[in-house]
There are 2 protein chains.
Amino acid sequence: MKKQVPTIKEIAKQLNISVSTVSRALHDHKSIGLRTKTRVQELAKQLQYEPNQTAIFFQQGKTFTIGVILPELSEAFFSAAISGIEDAAHKGNYTVLLGQSHDSVEKEKQLIETMKKHRVDGLLISISKNTNDYSHFEALRRYNIPIVFFDRIPKIPNIHYVACNMINGTVQAINFLFTKGHRIIGMINGPEKLPASKERLDGYIQAMTKDRLKYDPALVVNCDLTTAGVIAATEKLLTGKRRPTAIVTFNDYVALDAVQTARKMKLKINKDICFVSYANLPLTNYTAYPPMASVEQFPYQQGQKATETLIELLQHKSNGDTDNSNATYYKIILESQLVLHE
Amino acid sequence: MKKQVPTIKEIAKQLNISVSTVSRALHDHKSIGLRTKTRVQELAKQLQYEPNQTAIFFQQGKTFTIGVILPELSEAFFSAAISGIEDAAHKGNYTVLLGQSHDSVEKEKQLIETMKKHRVDGLLISISKNTNDYSHFEALRRYNIPIVFFDRIPKIPNIHYVACNMINGTVQAINFLFTKGHRIIGMINGPEKLPASKERLDGYIQAMTKDRLKYDPALVVNCDLTTAGVIAATEKLLTGKRRPTAIVTFNDYVALDAVQTARKMKLKINKDICFVSYANLPLTNYTAYPPMASVEQFPYQQGQKATETLIELLQHKSNGDTDNSNATYYKIILESQLVLHE
DNA sequence: GGTTTTTCCGCAAGCGTTTGCACATCCATT
DNA sequence: AATGGATGTGCAAACGCTTGCGGAAAAACC
């Protein structure tokens, strides 16, 4: 057991020069003579010297690490997002410290604590469903750790975020159905209080009322996104007074359950009844009766964009913008987009 | 802009005591008087003091961070795995530094470099498809950074790994089909040189030859896992001399493509032809003709187990087992398991 | 040859924390 | 009253690296 790992000190001793010279030589500092510079660099290579980042992190108060907190890593949406995040981070020479909250506020707080302790340079968060107290985010301000929220955004002022606007996609979806001749269009929405549900509904209303039909609340049903809930919602919609010829569903999974339900009711898919949904999961290629179209939310791009935004924020910070008094907040909205299948 | 963040020094000054006393008081060291101990702790709370982990990391040469390198975060298998990894790490008070190789050897090397620089305590890797030079892993030995491989294991001796044995599950699958009366059983396997393909084939041969049928190589076709490849393979199998009544496919995606192909050939699924596959993706619940059964590979559990193993390794290391001379290598095999659908 | 400029390098402080050791104080034991 | 053991606290080094500053040596000028 010798010196496991060579340090700058070791090099200095072997060459009989000072550590500062070695440090500068390694950084190609102009004030070091060519001769010593190459001597140092050669020995460094020979010893396989690698700077101890933890020392540098500590010394510079910067870790080149960004914390990422997501609700559920195994969900398709978030796993696509983390992929985009990692790619963007790697490109910007940052690394990703990862945590998943499992939609638990408690765990979210713990993770923030951990991230803070690790002195991440910045934080990327998609908040847990149940978070409605935002004090733990505030706590990061004194540490000067900027946060970029994405997808799931808390309703507080003065934050940076990246999100995807569902309204536009919803309007496109309805328009698409309209051009296909549908006039009675239903919607199976998510839980009423979810912001995502509200957006979809807004888009629905906006598209339906725009110089054509009027908004019939009976055509919109909320559900809890469980299979049972979806079945109930579908049945309610299809046995109602005005039976829709097309249905927009909260996401692809809902669509698939709804399709099954419709088939059990002896309806011909894409004939008696059409479906359009959100998310555009890869599985839609494989199902027997995929929705006709999906509103794509670009999770990869969202993650990527959020990361880029955060990194930009970090650059500014190190450029001497000592605090956020001159605060401009990034509010980046990606537009969702309807994607037709086959 | 004052002292953004309180340090131990700050507390010491305010209380007119030495930093060492503060440090010990904060750690409940027994040699500190109760009186000063509470004084310190109260002021610390009031100032919202939090230790600077980067300083501690540096000082202790330990980061409580484990590096994780996966080929593709957005793949269902790996996103389930990372979920298990994060959960296990969090439980053991470690955090996860994440990287994805996109199956590029180059990027894999870069990531290892980054992880090394960050001085992660240990590393968890599922190697890229194309990796066949393992020198970059060796480089970690002198840094005393243990590696646990999982799922995709390099073929080198003296390593720790966690993997899932596909043989057993394959045997179960064939047995299952056998009890259902099938005698001619085909297989659509992956690329020939993939270890995962070999294991499946081994299981297939083992089950087929065990006091029943004999192994007919014509019933096994390899494919490149693309949709086109799967279609070709399926057609070849179903138009062959001995037409199988059941087919085992490399994974669920292959199964879905194969099902489509079979249907185009006017075969009735689950009647003329049955399918069994691997992976057990959630989507199989939603497809019109899911495979009858899938061999589950427990990605979450694999990730979890690998992480636990790594953490155990780390404990031992800090317990003075200075190096791995007394090396016992963990080789942990989870058994795959057949899961019947509906 | 003296002066200025340039070139090159070392000293030392500092980042925040832990920890071995020495030291001081106090109380109890002889 | 001297000795001994607790009990509580401070000093200082160490972890590896960066960087402002000062200064020696070499090169350039008149």
Side-chain angles (χ1 to χ4, degrees), chain A residues 1-41 43-44 47-64 116-119 121 142-144 318, chain B residues 1-41 43-44 47-64 116-119 121 142-144 318:
Chain A
M1 286 300 267
K2 295 286 149 58
K3 330 209 81 70
Q4 282 284 9
V5 173
T7 71
I8 223 173
K9 223 183 245 175
E10 182 65 24
I11 298 181
K13 188 157 44 166
Q14 291 201 25
L15 258 38
N16 243 325
I17 55 179
S18 77
V19 290
S20 44
T21 304
V22 176
S23 172
R24 282 188 256 255
L26 257 16
H27 286 81
D28 240 356
H29 193 283
K30 57 175 182 252
S31 82
I32 301 295
L34 182 64
R35 196 178 146 58
T36 48
K37 204 180 280 186
T38 53
R39 282 208 317 150
V40 168
Q41 288 172 350
L43 183 58
L47 258 42
Q48 295 188 58
Y49 166 79
E50 306 195 41
N52 181 336
Q53 284 296 118
T54 64
I56 299 177
F57 291 160
F58 166 54
Q59 206 265 142
Q60 317 232 312
K62 201 160 177 313
T63 59
F64 281 95
K116 190 162 53 179
K117 279 201 204 142
H118 273 253
R119 295 289 197 272
D121 290 342
R142 48 196 309 263
Y143 283 83
N144 232 313
S318 63
Chain B
M1 285 303 266
K2 294 286 150 56
K3 329 209 82 66
Q4 283 283 11
V5 173
T7 71
I8 224 174
K9 224 183 241 175
E10 182 65 24
I11 298 182
K13 187 157 45 164
Q14 290 200 25
L15 258 36
N16 243 324
I17 55 182
S18 77
V19 290
S20 44
T21 304
V22 176
S23 173
R24 283 189 255 256
L26 257 15
H27 286 80
D28 241 356
H29 194 286
K30 57 175 182 249
S31 81
I32 300 295
L34 182 63
R35 196 176 147 60
T36 48
K37 202 180 282 186
T38 53
R39 283 210 315 153
V40 168
Q41 288 171 352
L43 183 57
L47 257 43
Q48 295 188 59
Y49 165 78
E50 306 195 41
N52 181 336
Q53 284 296 118
T54 63
I56 300 177
F57 292 159
F58 166 54
Q59 209 265 143
Q60 317 232 312
K62 203 163 176 310
T63 58
F64 280 96
K116 190 161 53 179
K117 279 201 205 145
H118 272 254
R119 295 289 198 271
D121 290 341
R142 48 197 309 263
Y143 284 82
N144 232 312
S318 61

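We name chains A, B, ... by the order of the sequence lines, and we start the count at 1 in each one.
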Out of curiosity, [X] [atom1] to [Y] [atom2], how far, rounded to the nearest 0.5 Å?
| X | Y | atom1 | atom2 | value |
| --- | --- | --- | --- | --- |
| A:Gln59 | B:Phe58 | CD | CZ | 9.5 Å |
| B:Lys37 | B:Ile32 | NZ | CD1 | 7.5 Å |
| B:Thr54 | A:Ile56 | OG1 | CD1 | 12.5 Å |
| B:Lys9 | B:Lys13 | NZ | NZ | 8.5 Å |

**OP:** Measure the shortest side-chain to side-chain distance between A:Val5 and B:Arg119 over non-hydrogen atoms and say whether it is less than 4.5 angstrom.
**Re:** yes
Distance-only donor-acceptor hits, side chain of residues 19-26 of chain B, under 3.5 Å, sequence neighbours excluded:
unit_1, atom_1, unit_2, atom_2, d
B:Ser20, OG, B:Ser18, OG, 2.9
B:Thr21, OG1, B:Ser18, OG, 3.1

**OP:** Summarise protein proximity over nucleotides 14-23 of chain D in one line of letters, 5' to 3': B for base, S for sugar-phosphate only, - for none, counting protein heavy atoms closer than 4.0 Å.
**Re:** -BBBBBB---
**OP:** Would you confirm whether A:His29, through its side chain, and A:Ser31, through its main-chain N or O, come within 3.5 Å as a donor-acceptor pair?
**Re:** yes
**OP:** Using whole Å, report how far NE2 of B:His29 lies from C1' of D:dT7.
**Re:**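 Those two atoms, NE2 and C1', are 12 Å apart.
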Original post:
Base, sugar-phosphate, or nothing for B:Thr54, non-hydrogen atoms under 4.0 angstrom?
Top reply: nothing
Original post:
Which nucleotide of DNA chain C is the first, and which the last, in the 5' to 3' direction, to come under 4.0 Å of a heavy atom belonging to chain B?
Top reply: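 So the outermost contacting nucleotides come out as C:dC15 to C:dG20.
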Original post:
So which heavy atom on A:Thr63 is nearest to which on B:His118, and how close?
Top reply: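 Between these two residues, the closest heavy atoms are O-CE1, 3.6 Å.
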